[in-house]
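Below: one structure, written as structure tokens.
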Amino acid sequence: MSERRTFPPVAEQMDIIRENAEEILPEEELVRKLERSYEKGIPLNVKLGCDPTSPDLHVGHSVVLTKLRQFQDLGHQAILIIGDFTAMIGDPSGRSKTRPPLSLEEARKRGQTYYEQASIILRSDHLRIVYNSEWLGKMTFDEVIRLTAHYTVAQMLEREDFAKRYKAGVPIGLHEFLYPLAQAMDSVAIRADVELGGTDQRFNLLVGRTIQEKYGQEPQVILTMPLLEGLDGREKMSKSLGNYIALTDPPEEMFGKVMSIPDELILKYYRLAVFAPAEQVAHLEKQLKEQRINPRDAKFQVAKALVRRYYGEEAAEAAAAHFERVFVKKAIPDDIPTVTVAPGTTVGLVELLTQHQLAASKSEARRLIQQRAVSVDGEKIVDIHATITLEHPVVIKVGKRRFLKLQPSA
RNA sequence: GGGUGGGUACCGAAGCGGUCAAACGGGGCAGACUGUAAAUCUGCUGGCACAUGCCUUCGGAGGUUCGAAUCCUCCCCCACCCA
């Protein structure tokens, strides 16, 4: 830990750090910190707090994780803070009222899966993982009151989210005011030099600066990364909205999801999800602008690049081929879910669809049939009373994406 | 503690005694088209039966009525204003 590290020249570091960053506040302070670290051979403590409530990491998370990775690559110390304590209290964003507070144990467990998924992007050296219950859990009420005295209600209401909700008459729990402060205490506890976050974290990160100073520390520099919109192209990518690409999504799924983003997002995904080099992004942008490339092909390229990033070249090729086959040529994919059935039995199509989860209810199954969404062995079935006698293998297709093969057992 | 306005389907939001499974928008699903699971357009979107029909749903529990999301009573929850 105490060995002297060496770093690239500061200017070079700054170029990398600035890449894709939305905001660095204050930038001169970062330069000073980097210079000092360079001279003394001491890495900066770069903090990223994470909320383990939803254990599925997605491409939205990857944006800021990638930035952290860059710091690691430069030789700095990444500190991943698992917010097990904060998760235990509940969710601060006010968005998901359904999110139940977790037990410490549960929060820890999810923190573990969070870490496992984060290590898809992070390297394992230059990495420290800490749980914030370690210090937050030890604070006495007295200490908490002292902490809250450092901030005012008016200051809290400066946060856009709070201001908006207050104005709209949406409840704000008192404990939510404690979140930025708790997060700030994390910075104090680990003596953060830099804290990363999405632009929506701006306020919280800034509170960290103030509080660190109150506790006699040099304030951290904050670096925010742009938020990546989800598949709908409208809202921020998030699990609760279901508009996300999980880091663990299988290649084909990942590919298809990229293909479903609105055209306007192509470049943004290339930049932030793929983290493609600036020149390549610029190149693609130019091609699109001059209409020298079809947006579909551009998206195809981005989809492939994303799969390549997580699964490698071969998987990328395979996923692309799969998409081409299933959606462009509308053929049947080669590995589809198969169920074996007793041969010779005759079943109603409606029952078949509901039994195998191709439709949620019989009413839905009928609707789908009436809407010409169902085909059996490539033949559209429009009759809701249709039955199938299972003698040969039969492929049922519902909509564009749902397939099922029925295999009569020999 | 007092006052006012609210709680409606996945979400937002109309409805304010029958014509309400509940307008409209979003989301979702499907179809057409296409350059793709983009965009656009069209349709569908509680369940069961599909022929009429039946059952469950409008914060909760009761009640009035031939009939309630709509009226009454009590209760729970939320926001705002005043203390």
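Chain naming here is simple, since letters A, B, ... match the order of the sequence lines and numbering starts at 1 in each.
If you take atom P in B:A68 and the same atom in B:C55, they sit 13 Å apart, rounded to whole Å. For the P atoms, the distance from B:U57 to B:G47 is 15 Å, rounded to whole Å. Spacing between B:C58 and B:G6 at atom C1', rounded to whole Å, works out to 14 Å. The C1' atoms of B:C24 and B:C77 are separated by 27 Å, rounded to the nearest whole Å. Nucleotides B:C54 and B:G43 have their C1' atoms positioned 26 Å apart, rounded to a whole Å.
For the pair A:Arg367 and B:G47, the criterion of a side-chain N or O lying under 4.0 Å from OP1 or OP2 is met. Between A:Arg296 and B:G35, a side-chain N or O to OP1/OP2 separation shorter than 4.0 Å is absent. Of the side-chain N and O atoms in A:Ser361, one or more sit less than 4.0 angstrom from OP1 or OP2 of B:C48.
Under 3.5 Å, the side chains of A:Glu364 and A:Ser361 contain no donor-acceptor pair of N or O atoms. Between the side chains of A:Lys109 and A:Gln112, no donor N or O sits under 3.5 Å from an acceptor N or O. A donor-acceptor pair shorter than 3.5 Å can be found between the side chains of A:Gln220 and A:Ser187. Side chains of A:Gln183 and A:Gln201: a donor on one and an acceptor on the other come within 3.5 Å.
Salt-bridge check for A:Glu27 with A:Arg18: passed, with a basic side-chain N closer than 4.0 Å to an acidic carboxylate O. Look at A:Arg165 and A:Glu176 and you find a salt bridge, because one of the NZ, NE, NH1 or NH2 atoms lies within 4.0 Å of a carboxylate O, short of that distance. With respect to the salt-bridge test (charged N to carboxylate O, under 4.0 angstrom), the residues A:Lys304 and A:Glu317 qualify. Between A:Glu29 and A:Arg209, at least one side-chain nitrogen of the basic residue sits less than 4.0 Å from a carboxylate oxygen of the acidic one, meeting the salt-bridge criterion.
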note = Under a 4.0 Å heavy-atom criterion, the protein footprint on nucleotides 78-83 of chain B, written with B, S and -, is SSS---
note = Counting primed atoms, P, OP1 and OP2 as sugar-phosphate and everything else as base, the B/S/- map of nucleotides 25-32 of chain B against protein heavy atoms under 4.0 Å is -SS-SSS-
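Of the candidates B:G47, B:A37, B:A38, the closest approach to any side-chain atom of A:Ser363 belongs to B:G47. For A:His385, whose side chain is taken as the heavy atoms from C-beta onward, the closest listed nucleotide among B:A51, B:A49, B:U36 is B:A51.
Between A:Phe323 and A:Phe327, the ring planes are tilted. Angles from 30° to 60° get that label.
Among the atoms of the strands shown, none is found under 4.0 Å from any heavy atom of A:Phe300. As judged by a 4.0 angstrom heavy-atom cut-off over every strand, A:Ile261 is placed among residues touching the sugar-phosphate backbone only. Using a 4.0 Å heavy-atom cutoff across all strands shown, A:Pro295 reaches at least one base atom of the nucleic acid.
For the pair A:Ile266 and A:Lys362, both in contact range of RNA chain B, the more 5′-proximal nearest nucleotide belongs to A:Ile266. Of the two residues near RNA chain B, A:Thr354 and A:Val328, the one whose nearest nucleotide lies more 5' is A:Val328.
The nearest whole Å value for the distance from the CG atom in A:Leu265 to the C1' atom in B:A39 is 13 Å. Following rounding to the nearest Å, A:Leu231 (CG) and B:A39 (P) show an atom-to-atom distance of 11 Å.
In terms of polar N and O atoms assigned as donor or acceptor, the side chain of A:Asp297 never comes within less than 3.5 Å of the base of B:G35 in a complementary pairing.
Under the rule for a side chain to side chain contact (heavy atoms under 4.5 Å, CB included), the partners of A:Pro8 that lie at least two apart in sequence or sit in another chain are A:Glu12, A:Gln13, A:Leu74.
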